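Here the structure comes first, spelled out in structure tokens, and everything after it is commentary.
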Amino acid sequence: MSIPELPLGSTNKTIPCLGFGTATSSFSGSDATKEAVIQAIKLGYRHFDTSAVYQTEKFIGEAITEALSRGLIDSRDELFITSKLWPSDAHREHVLPAIQNTLNNLGLEYLDLYLIHWPVALKEPGKHVFPFDKKDLLPMDFKSVWEAMEECQRLGLTKSIGVSNFSCKKLENLLAGAKIPPAVNQVEMSPGWQQKKLREFCAQKGIVITAYSPLGAKGTAWGTNRVMDNEVLREIANAKGKTVAQICLRWVHEQGVSCVVKSFNKNRMKENRDIYDWRLSLEELKKISEIPQQKMYDALDFTHEEGPYKSPQEFWDGEI
Ligand SMILES: NC(=O)c1ccc[n+]([C@@H]2O[C@H](COP(=O)([O-])OP(=O)(O)OC[C@H]3O[C@@H](n4cnc5c(N)ncnc54)[C@H](OP(=O)(O)O)[C@@H]3O)[C@@H](O)[C@H]2O)c1
């Protein structure tokens with residue numbers, strides 16, 4: 001079963017609706033990452049999501065080389081690779097070196113999508129760590145960093161550029177000065193945090209949303225059990241002979257957005273992929289729309305009394 005794709009803005013490019021996440025709680029990669037990516041390619045995943053901070057770029061690169069040599073794919077062009085600019089590199093003069101470092105790690109000539117990971121900067125370019133010392137937080141100069149992102153696209157180092165963890169207000173600011181509008185905003189989205197307002201805003205502006213943590217990231221350092229343990233989702237899953245994870249992913253798909261989900265387990269990788277030959281009924285969609293909303297990750301790590309954002313409310317511009 002092939003994974004559907006969504007058009008990216010007004011271009012002729014597309015993004016696979018389902019992507020394979022590679023962030024682990026330890027923010028490290030290993031041969032297990034490489035093996036998981038190869039397995040995912042075998043199962044039909046074509047979109048792989050990473051970031052400088054995940055430390056998985058090198059292992060994804062090794063997996064791509066092996067997939068090509070084993071004939072699992074004929075060409076790198078069959079893949080859609082997303083990576084992200086970590087806040088320590090979110091300074092005009094460090095964006096180009098950062099994407100070049102990412103491409104070296106991956107062993108690729110271009111990315112399909114390069115995102116500003118968080119709307120904030122950090123001291124010490126090239127230091128890709130999380131958690132970091134909150135005293136190192138700095139405001140990001142949106143205009144000059146975005147100009148450097150645009151330069152990355154113009155130079156052919158990435159096919160598209162976008163952002164992550166941006167509120168409607170921050171997108172509005174960025175769009176006001178952008179020559180190339182962001183193609184994507186990658187944000188937390190699941191039945192437990194449905195992002196109705198941001199989805200409407202992005203749809204109007206032609207920005208594709210990619211939902212991260214679509215299962216509430218259960219079992220990770222930043223996740224919650226609330227989504228996978230939700231009774232409404234469990235009842236719907238039982239009635240349809242599906243799993244709660246499949247209900248979450250199908251719901252995300254039916255909202256017209258793309259998503260990235262992480263599993264390094266072969267059976268769960270299959271389960272997460274098998275969501276395109278059935279649908280949710282109107283009644284089921286209504287029940288899901290009534291699930292109480294609570295954000296999983298409030299970005300407290302990115303706020304500080306002397307930093308650019310004093311509280312999660314400020315960080316998300318009240319959109320929480
Ligand atoms: N832009 C950002 O700031 C940002 C933030 C967070 C995440 N992301 C990206 O989004 C990706 C996905 O988000 P996420 O990893 O936070 O959360 P997620 O995909 O919602 O959940 C991942 C967790 O769910 C488990 N899982 C996966 N499929 C399952 C299934 N069918 N049944 C039961 N458990 C299942 C995984 O364990 P197993 O591996 O053991 O299956 C893992 O513990 C990340 O890997 C990363 O690439 C981006």
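Worth saying up front: this structure is predicted, and the values here are computed from it rather than measured. Both ligands and their constituent atoms are indexed starting at 1 by order of listing.
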Could you find the nearest protein heavy atom to [atom] and give me its residue, atom name and distance?
atom                    : value
atom 30 (C) of ligand 1 : Arg268 CD, 3.4 Å
atom 47 (O) of ligand 1 : Asp49 OD2, 2.6 Å
atom 42 (C) of ligand 1 : Lys218 O, 3.6 Å
atom 15 (O) of ligand 1 : Lys262 CB, 3.4 Å

Short N or O distance, [X] and ligand 1, threshold 3.5 Å exclusive:
X      : value
Leu215 : yes
Ser213 : yes
Phe264 : yes
Thr220 : no
Ala23  : yes
Pro214 : yes

Subject >> Per-residue contact class, Trp222 against ligand 1 - non-hydrogen pairs under 4.0 Å >> reply: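 Side chain only.
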Subject >> Heavy-atom nearest neighbour of atom 33 (C) of ligand 1 within options Gln186, Lys266, Gln246, Met228 >> reply: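 Heavy atom nearest to atom 33 (C) of ligand 1 belongs to Met228.
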**OP:** Kindly identify the option in Phe130, Tyr212, Phe48 whose heavy atom sits closest to atom 4 (C) of ligand 1.
**Re:**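 Among Phe130, Tyr212, Phe48, the closest heavy atom to atom 4 (C) of ligand 1 belongs to Tyr212.
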Subject >> Qualifying residue, where the test is salt bridge (Lys or Arg N to Asp or Glu O under 4.0 Å) with Asp112 and the options are Arg76, Lys159, Arg46 >> reply: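 Of all the options given, the one that passes is Arg76.
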**OP:** Run the contact test for Glu188 against ligand 1 with a 4.0 Å cut-off on heavy atoms, strictly below, and give the result.
**Re:**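 Judged by the 4.0 Å heavy-atom criterion, Glu188 does not count as contacting ligand 1.
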Subject >> Pairing residues for Lys123 by the salt bridge (Lys or Arg N to Asp or Glu O under 4.0 Å) criterion, not counting sequence neighbours >> reply: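 Lys123 satisfies salt bridge (Lys or Arg N to Asp or Glu O under 4.0 Å) with no residue once adjacent residues are dropped.
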Subject >> Those residues that, when tested against Lys295, pass salt bridge (Lys or Arg N to Asp or Glu O under 4.0 Å) (two or more places apart) >> reply: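 So Lys295 forms a salt bridge (Lys or Arg N to Asp or Glu O under 4.0 Å) with Glu188.
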Original post:
Any side-chain donor paired with an acceptor under 3.5 Å for Ser51 and His117?
Top reply: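 The criterion, which ignores hydrogens and geometry beyond distance, is satisfied for His117 and Ser51.
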Subject >> Salt bridge Asp49-Lys84, side-chain N to carboxylate O under 4.0 Å >> reply: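 A salt bridge is present here (some side-chain N lies under 4.0 Å from a carboxylate O).
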Original post:
From Ile41 CD1 over to Met269 CE, what is the distance, rounded to the nearest 0.5 angstrom?
Top reply: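 Ile41 CD1 to Met269 CE: 10.5 Å, rounded to 0.5 Å.
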Original post:
If you measure from NZ on Lys287 to CG on Leu280, what distance do you get to the nearest 0.5 Å?
Top reply: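 Going from NZ on Lys287 over to CG on Leu280, the span is 11.5 Å.
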Original post:
Does Lys13 make a cation-pi contact with Phe80, if we ask for NZ or CZ under 6.0 Å from the ring centre and within 45° of the axis?
Top reply: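 Not satisfied by the 6.0 Å and 45° rule.
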